[in-house]
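Remarks on the structure that follows.
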Amino acid sequence: MSLSRRTILRSAGILPLVAGNFSFPVLAQTAPTAPAATEVPPILLVHGNGEQAALWITTLWRMESNGVPRDRMFAINFADPLARTDDKVEQANRSSTEDQRRELGDAIKELKSRTGASRIALVGNSRGGYPIRNYIKNGGGADVSHAVLCGVPNHGVYDWDEGLGGEFNGRGPFLRGLNEGESEVTPGTAFLTLRSDGIDKYAQADGRFVGKPGTPTGITSEGPALNGATNLVLGAVDHRETAYSPRAFREVYKFIAGREPSRIEIVPETQVKLSGLVTGTPGGVQTNRPVLGASVDVFRVSAETGERVGGPIHSSKTGADGHWGPAQADPTWYLEIELTSTGSVTTHFYRSPFPRSSDIVHLRAARPLGPADAGAGAVVLMSRPRGYFGLPRDVVLIDGKEPSDVKPGVPTDSVTTLRLSAAEAGRPVVALFNEERIVARAWPASENRIAVAELTY
């Protein structure tokens with residue numbers, strides 16, 4: 001679909017929707033009438049598979065910059081964010097669809113209690129859309145006014161006879177249950193889906209992104225659309241950008257608030273306060289379970305060299321709840337956050353300035369040094385949590401070169417690795433992604449350390 005065909009479907013409009021191998025007309029509902037500022041519902045943000053609440057930081061900042069009070073928003077952190085291989089079979093440190101529906105229900109109850117609101121809006125990315133739909137349809141979701149589903153594989157990542165127990169199988173019982181009936185949405189809640197114009201790696205016709213190149217998935221780029229919803233194509237955005245990009249923010253805000261945002265840029269605060277959780281990866285599995293006894297040290301660093309400017313501006317050790325902070329910083333400071341925890345690689349996160357405060361600066365140690373790092377004197381990662389590296393769409397440079405481990409075409413990679421010799425340990429490394437530039441220091445791998453230039457945008 002070309003950009004000229006991007007359309008917001010209204011109740012008067014009809015557009016064919018392809019789900020799996022079937023095509024049928026879509027009648028989309030009209031977004032609610034614009035509410036007054038005091039009537040904008042509380043907003044609960046739901047992350048995707050294996051991820052964290054921290055991915056919503058820029059969305060929260062943009063909401064705040066448009067007058068939405070911070071205490072009327074919440075980003076959930078699922079304890080076990082990775083899906084099971086088979087939804088009905090227990091798997092260590094992984095969650096079922098029912099686990100996620102239960103956790104989301106608890107978060108909804110807490111946000112309603114905190115704000116006194118009778119109804120709230122839910123926004124989810126990727127797998128995060130599944131518990132939203134499950135709660136609304138099967139969990140007594142009359143208290144949900146709006147549901148925004150960003151890059152959610154609503155008809156599956158694949159549609160196959162094998163692996164029917166997997167929740168991402170459009171032919172499996174979980175998605176068949178959600179999608180049954182003439183309308184695929186639940187009456188009483190306004191639904192919006194946001195999707196990519198062909199470069200979402202989980203809405204592809206070929207199975208190469210799920211380990212079966214050449215095998216048709218039975219899914220198309222229109223797989224995230226729902227019969228009965230307002231369905232919008234955002235353009236050339238990747239899977240994560242359907243939720244976390246400025247383009248996505250505009251549509252999320254407009255749908256929930258009933259009016260255009262007054263600004264897209266983030267308005268800085270004069271002083272910022274940062275805190276979050278340290279979470280672990282037991283057995284190599286990504287979780288959001290707290291880590292006890294982790295040390296977090298925060299330093300101001302030079303924007304040009306990555307060198308520390310004085311001693312730590314904050315030091316703390318996590319308790320049983322995994323909490324670190326608060327650290328106070330200036331909104332113009334580049335920062336290094338050093339995370340040390342037993343059994344994990346010491347990780348040095350280099351970050352662009354935080355323009356506003358956040359209590360979801362969650363930290364996970366970098367992956368362990370492995371066989372591929374053998375002989376390297378230093379290892380530096382460049383990470384983009386809120387999107388993927390698209391070549392040739394984006395400018396992606398680490399240490400002055402385009403990375404060879406980022407595949408061109410449909411964006412699939414969010415981390416690139418630079419390995420340096422022992423003689424180069426300690427020198428600065430420039431990570432450049434479009435207009436965001438971070439300078440990291442290369443720490444000695446012999447000391448079990450990894451540096452991460454973590455992009456915010």
Side-chain angles (χ1 to χ4, degrees), residues 52 54 274 276-287 290-318 322 324-325 327 329 333-352 361-385 398-401 403 405 414-433 437-456:
Q52 293 181 317
L274 306 174
L277 302 176
V278 176
T279 63
T281 54
V285 179
Q286 296 164 316
T287 78
V291 173
L292 169 67
S295 296
V296 176
D297 297 285
V298 183
F299 300 86
R300 180 186 177 188
V301 297
S302 163
E304 295 304 316
T305 67
E307 290 186 86
R308 294 173 177 177
V309 180
I313 62 172
H314 171 80
S315 295
S316 62
K317 187 167 289 236
T318 60
W324 75 270
W333 290 353
Y334 286 77
L335 299 177
E336 174 199 342
I337 305 175
E338 180 180 346
L339 171 63
T340 306
S341 58
T342 302
S344 297
V345 62
T346 297
T347 308
H348 301 263
F349 297 96
Y350 290 85
R351 298 292 302 265
S352 293
V361 186
H362 298 332
L363 306 172
R364 283 188 195 141
R367 51 87 171 166
L369 292 165
D373 305 311
V379 177
V380 181
L381 308 181
M382 178 181 176
S383 171
R384 187 180 180 224
I398 183 167
D399 207 32
K401 297 178 182 177
D405 58 351
S414 61
V415 178
T416 179
T417 303
L418 174 70
R419 296 177 179 89
L420 301 173
S421 68
E424 296 177 284
R427 75 168 176 84
V429 173
V430 178
L432 183 67
F433 175 76
R437 179 180 182 272
I438 299 174
V439 181
R441 305 292 295 186
W443 289 82
S446 60
E447 298 178 3
N448 196 32
R449 297 175 184 268
I450 284 182
V452 181
E454 183 177 317
L455 297 157
T456 299

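The distance from atom CG of Leu369 to atom CD1 of Ile450, rounded to the nearest 0.5 Å, is 4.0 Å. The CZ atom of Phe299 sits 11.0 Å away from atom CG of Leu335, with the distance rounded to the nearest 0.5 Å. The CG atom of Leu432 sits 15.5 Å away from atom NZ of Lys401, with the distance rounded to the nearest 0.5 Å. Expressed to the nearest 0.5 Å, how far OH of Tyr350 lies from CG of Leu381 amounts to 12.5 Å. Atom CZ of Phe349 and atom CD of Glu336 lie 10.5 Å apart (nearest 0.5 Å).
With respect to Arg419 and Asp405, no salt bridge is recorded, no charged nitrogen being found less than 4.0 Å from a carboxylate O.
Here the closest non-hydrogen pair linking Thr281 and Arg364 is CG2-CD, 4.3 Å. Across Val309 and Ser302, no two heavy atoms sit closer than the pair CG2-N, 3.8 Å. In this structure, Val439 and Ala303 approach most closely via the heavy-atom pair CG2-O, 3.2 Å. Counting all heavy atoms, side chain and backbone alike, Val291 lies closest to Gly280 at CG2-N, 3.4 Å. Shown here for Arg441 and Gly306, the closest heavy-atom pair between the two residues is CG-O, 3.4 Å. In plain terms, the two heavy atoms of Val380 and Ala440 that are nearest each other are CG1-CB, 4.4 Å.
No donor-acceptor pair closer than 3.5 Å links the side chain of Arg437 to the backbone N or O of Ser352. For Thr318 (side chain) and Gly293 (main-chain N/O), a donor-acceptor pair under 3.5 Å exists by modelled atom type. Panel note: side chain Thr346, backbone Arg449; no donor-acceptor pair is recorded below 3.5 Å. Checked by atom type and distance alone, the side chain of His362 never pairs as donor or acceptor with a backbone atom of Gly276 at under 3.5 Å. At least one donor-acceptor pair closer than 3.5 Å links the side chain of Thr347 to the backbone N or O of Ala366. Within the 3.5 Å criterion, the main-chain N or O of Gly284 finds no donor-acceptor partner in the side chain of Arg367.
Looking only at side-chain heavy atoms (C-beta outward), Arg427 and Asp399 come within less than 4.5 Å of each other. Between Val415 and Ser383, the closest side-chain pair of non-hydrogen atoms falls below 4.5 Å. Inter-residue side-chain proximity for Pro290 and Leu277 is flagged as unmet; no heavy-atom pair is nearer than 4.5 Å. Leu418 is not listed as a side-chain neighbour of Met382, based on a closest heavy-atom distance of 4.5 Å or more.
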Please step through side chain to side chain contact (heavy atoms under 4.5 Å, CB included) for the pair Leu274 and Ile337, ending with a clear verdict. CA-CA 11 Å; Leu274 306 174; Ile337 305 175; 5.8 Å; no
Could you walk me through whether Leu339 and Trp324 satisfy the side chain to side chain contact (heavy atoms under 4.5 Å, CB included) test, starting with their C-alpha distance in whole Å, then the side-chain angles of each, then the deciding distance to 0.1 Å, before giving a yes or no? CA-CA 10 Å; Leu339 171 63; Trp324 75 270; over 6 Å; no
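The aromatic rings of Trp443 and His348 lie parallel to each other, with less than 30° between the two planes, well short of the 60° mark.
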